[in-house]
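Structure first, then comments.
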Amino acid sequence: MTELGPSAKRVLADYGNVVGPQHGDAAQNWNDLVRKIERGEPEMQLVTEPPSRGRARLGVAIACAAAAAALLLWFGGRATVAALAVDDRPSAASWQGGSLVGTPEPAAVVDEVVVVADDVRPHPRPTASAADTSVAPIAPAPPAPAPVVRKPKPSSKAAVSVTATPEDAASALEQVGVIRKAYAALRDGDGARALRVLDGHAKRWPTSEFAGERDLLRVRALCLAGKKREAESAAASFQRKHPGSPLGAVLEHCAGKEPTP
Amino acid sequence: MRPPPLGLLPAPAPPQAPTLDAVFRDHHGFVWRSLFHLGLPRAQVDDAVQDVFLVVYRRLVDYDGRTTMRNWLYGIARRVASQYRRGAERSERRLRVVRPPEDSQPRDATEAARYEAADLVRVFLGELDEDKREVFLLAELEGMSATEVAETLDLNVNTVYARLRAARLRFEKAVARHEARHRREVRG
């Protein structure tokens, strides 16, 4: 393909030199960005752009093709079923071999529902062979046994590893509450209160899944409380624990270092 | 020298996730220019830049490196610009693109010539179709390859080539007209 001539390139280069961020814009934008992040400003809710006309046309074509294929299948399927004289009753009661027969009964209320995999594993759906399909109609199957709901055996390792205990869930909820309190304290500009909340969290849950968030909040709380040196060391510790985290730059700024945009 | 046994080769280092400050440092100009060329007035571009990087900050963990960083950023910038422009009339967007920067005051003759050239490009871009404009700017100003432009704009490479060829031809003609006028002015 023909490239631009030298004159056109020069004009474009001149344009490139004139249009662009001014000196100092980058630093200003960086500082504003960091402030927005620190304030916890939510990101813009981005909407997906509507598809181009060409793509829309392609989409309509695909939808039409799919509809045509579905119609063909529908009529073709019905014809085959009629030819084989197979009962084509509605599918509500069609899964005879498994546990789904007719209208489902409302589940019994139990105090603790733990699904034990072996008991509710669906039985393999019977595959109709050529000989089977010639038999019409299908005899009603005996009522399938209801799914067994059992309490887990204390010694069962699998059950322990798969099922989250209610204690875990309660603990996570409680931790979220504590972390929220720390956030609220930071939002109020009360670094000391945030630190107290975070210390309490660390004492109670030293190895928590929220440890990363706690470390991050600690740096911000130390900043707010005016403990710059401690904030710096906490930021360094965060960087060590979470290398490559995008939060690192924010922490550096928070800990008093000049951002380097 | 024989290569060491496979088992003794050092494991390749895991790919380092880009940090927000690195992305900002490397691509601030690109994002700024992209938003400006997507039709935002200069007064809004800085806010929009921050919005783009706020999205980047939240979603950087999801960036898997399957597309280039510029592709990814342009996708975000496009959507942010679209949010900013929502409700604005198409004609108004065109006017914004051709509007010169508010603080563009040349200091000497060289700079004046540069601004004149820049004005020429602005007018040209304002008259160009939006589809061709994006392709032209990404290829000619940002130096993206046709493949990269195709990936960024989710287009067929042949479409990119066709739009780029048409835009280049028009640009060459605009520059030639501008130079002819300039020569006439110098003679007269």
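Within every chain, numbering begins at 1; the chains are lettered A, B, ... in the order of the sequence lines, protein sequences first and strands thereafter. The structure presented is a predicted model; accordingly, all values stated were derived computationally and were not measured. As a basis for the values below, the full set of heavy atoms in this structure was taken, side chains included, without hydrogen atoms, waters or symmetry mates.
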[X] side chain vs [Y] backbone, donor-acceptor pair below 3.5 Å:
X	Y	result
B:Arg70	B:Glu142	yes
B:His37	B:Arg33	yes
B:Tyr57	B:Leu20	no

Pick one of side chain, backbone, both or neither for [X], based on which atoms fall under 4.5 Å of a heavy atom in chain A.
X	value
B:Phe53	both
B:Val49	side chain
B:Phe136	side chain
B:Glu179	side chain

### Message
For B:Gln50 and B:Asp46: C-alpha separation, side-chain torsions, deciding distance, then whether side chain to side chain donor-acceptor pair (under 3.5 Å) applies.
### Response
CA-CA 6 Å; B:Gln50 291 158 29; B:Asp46 287 322; 6.0 Å; no
### Query
Just checking, is any N or O donor in the side chain of B:Glu151 or B:Thr67 under 3.5 Å from an acceptor N or O on the other one?
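B:Glu151 vs B:Thr67: no donor-acceptor pair found between side chains.
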### B:Tyr74-B:Glu134 side chain donor-acceptor pair, cut-off 3.5 Å
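Looking only at side-chain atoms, B:Glu134 and B:Tyr74 do form a donor-acceptor pair, the distance falling under 3.5 Å.
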### Message
For the interface with chain B, which of A:Pro21, A:Ala8, A:Gly5 has the highest count of heavy-atom pairs at distances below 4.5 Å?
### Response
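Top option by heavy-atom pairs under 4.5 Å: A:Pro21.
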### Pick from A:Asn17, A:Leu4, A:Asp25 with the largest number of heavy-atom pairs that fall under 4.5 Å of chain B
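Result: the option with the highest number of such pairs is A:Leu4.
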### Query
Taking B:Asp51, B:Leu120, B:Leu169, B:Val80 one by one, which has the highest count of heavy-atom pairs under 4.5 Å against chain A?
B:Val80
